[in-house]
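Data block below; observations after.
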Amino acid sequence: MMNKPPKPPAAAIGQVSLVGAGPGDPDLLTLKAVKAIAAATVILVDDLVNEAVLAHASPSARIVYVGKRGGCASTPQAFIEKLMVSEAHKGENVVRLKGGDPLVFGRSGEEIEALQQAGIQVHVVNGITAALGALASLNTALTHRDHAHGVLMVTGHAKPGDPGTDWRALAHTARQAKLTLVVYMGVAAAQRIQDELLHRLAADTPVAIVQDATLPSQRQALCTLDCLHQTLTEERMASPCVLLIGDVLRGLASLGHTQEAVFARGHIRAM
Ligand code: SAH
């Protein structure tokens with residue numbers, strides 16, 4: 001009788017966790033993120049991740065930077081996805097560290113699809129998204145019920161070939177439905193965003209611009225919508241910034257004169 005051939009060893013299948021590193025302050029990591037970072041054997045670090053969070057990594061973990069560093073072009077998305085798949089197939093415990101929350105403008109949708117198609121287990125670990133970090137630093141609620149019924153998170157940077165956000169429609173909806181607008185990646189297109197929003201939103205709609213939210217280098221400016229671009233330019237504010245637009249910011253107007261860090265431009269009426 002012939003012996004059965006031995007079973008091939010089970011393929012080494014690792015896993016990938018998409019982990020939110022928060023907006024900047026390393027103390028804003030969740031406990032779950034800390035545990036995932038500590039357990040990782042390979043860590044792919046995105047742009048805008050504060051490297052201080054790597055203090056939780058194992059000394060033996062392999063750390064790969066995949067964001068734009070030192071003016072270099074960022075690693076192409078397809079390459080990152082391939083790398084995650086190949087490392088997981090080798091049995092590695094891969095952590096993909098992203099700024100803020102991985103599910104907010106983090107390209108996680110594409111990555112989850114690619115990983116699932118490759119049969120790899122994916123976990124998502126939330127982080128605090130930049131806008132919420134920024135709002136906490138301003139002691140302002142995104143949905144103060146006297147001023148807003150909800151919030152819209154929008155990108156100012158569309159993917160190539162996509163006509164991008166319809167700012168006029170958005171402004172109309174925000175006004176009709178009393179929504180706060182939160183714009184990510186809005187610095188480069190600020191002038192256009194301002195001009196388009198002004199078709200439907202009042203010129204004195206308050207705007208807070210927060211750069212480097214939650215980091216020691218944080219700066220913020222308060223202005224009216226008609227002064228958005230001017231304020232960014234004059235105050236030399238640069239990416240990464242979140243733009244917070246709507247009446248929930250009106251309460252901050254009174255701080256414009258008293259809090260050194262918040263400088264007001266335009267005529268914002270405190271409510
Ligand atoms: N997933 C991230 C967003 C990635 S898109 C999150 O949830 O926060 C990148 C954009 O996020 C930046 O262009 C900027 O608009 C915003 N951003 C990220 N970190 C920031 C910070 N510390 N301060 C202000 N804006 C920030």
Side-chain angles (χ1 to χ4, degrees), residues 17-30 32-33 36 44-53 65-69 73-75 77 80 95-112 124-140 142 151-160 162 164-165 167 170 180-194 197 207-223 228-229 231-232 235-245 249 252 261-262:
S17 303
L18 308 178
V19 178
D25 179 351
D27 280 357
L28 292 176
L29 276 181
T30 65
K32 201 164 177 172
L44 308 184
V45 185
D46 227 356
D47 231 5
L48 296 180
V49 168
N50 185 344
E51 287 186 38
V53 305
Y65 292 92
V66 292
K68 299 183 196 103
R69 302 253 149 193
S74 57
T75 315
Q77 184 67 19
I80 298 172
V95 158
R96 171 97 165 95
L97 257 184
K98 291 166 178 280
D101 187 280
L103 304 180
V104 179
F105 304 124
R107 304 192 71 170
S108 291
E110 297 155 59
E111 294 179 7
I112 292 168
V124 179
V125 179
N126 290 120
I128 292 178
T129 191
L132 293 181
L135 280 151
S137 74
L138 300 176
N139 287 334
T140 296
L142 195 53
V151 60
L152 281 168
M153 286 181 167
V154 203
T155 174
H157 180 80
K159 90 182 199 195
D162 181 331
T165 309
W167 296 101
L170 199 70
T180 307
L181 293 180
V182 173
V183 184
Y184 287 74
M185 296 173 274
V187 173
Q191 182 71 66
R192 193 168 70 82
I193 294 172
Q194 170 183 329
L197 291 180
V207 179
I209 308 164
V210 186
Q211 177 181 335
D212 287 350
T214 78
L215 287 163
S217 51
Q218 176 171 333
R219 295 172 66 222
Q220 58 271 315
L222 184 66
C223 61
L228 167 61
H229 184 256
T231 305
L232 276 166
E235 302 302 337
R236 297 172 189 274
M237 299 185 84
S239 189
C241 283
V242 282
L243 313 177
L244 310 163
I245 304 169
L249 279 315
L252 269 180
V262 175

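Both counts, for ligands and for their atoms, begin at 1 and track the order of listing. As the structure is a prediction and not an experimental result, all values here were calculated from the model.
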Query raised in the report: Pick from I245, V183, L244, T231: which one makes a side chain to side chain contact (heavy atoms under 4.5 Å, CB included) with I209?
Result: T231

Query - Separation of L142 CG from L132 CG (nearest 0.5 Å) - result: 6.0 Å

Query - Pairs meeting criterion side chain to side chain donor-acceptor pair (under 3.5 Å) with involvement of residues 207-216, two or more places apart - result: D212-S217

Query - Any donor-acceptor pair under 3.5 Å from N50 side chain to G24 backbone - result: yes

Output, or 'none' if empty, a list of ligand 1-protein atom pairs in which both atoms are N or O and the distance is under 3.5 Å, rounded to 0.1 Å.
from	atom 1	to	atom 2	distance (Å)
ligand 1	1 (N)	G99	O	2.9
ligand 1	1 (N)	D101	O	2.9
ligand 1	1 (N)	V104	O	2.7
ligand 1	7 (O)	D101	N	2.9
ligand 1	7 (O)	D101	O	3.4
ligand 1	7 (O)	T129	OG1	2.6
ligand 1	8 (O)	T129	OG1	3.3
ligand 1	8 (O)	A130	N	2.9
ligand 1	15 (O)	M185	N	2.8
ligand 1	15 (O)	C241	O	2.7
ligand 1	22 (N)	P23	O	2.9
ligand 1	22 (N)	A213	N	3.3
ligand 1	22 (N)	A213	O	3.2
ligand 1	23 (N)	D212	N	3.4
ligand 1	23 (N)	A213	N	2.8

Query raised in the report: So how far is it from L44 CG to Y65 OH, rounded to the nearest 0.5 Å?
Result: 11.5 Å

Query - Q220 and S137 side chains, donor-acceptor separation under 3.5 Å - result: no

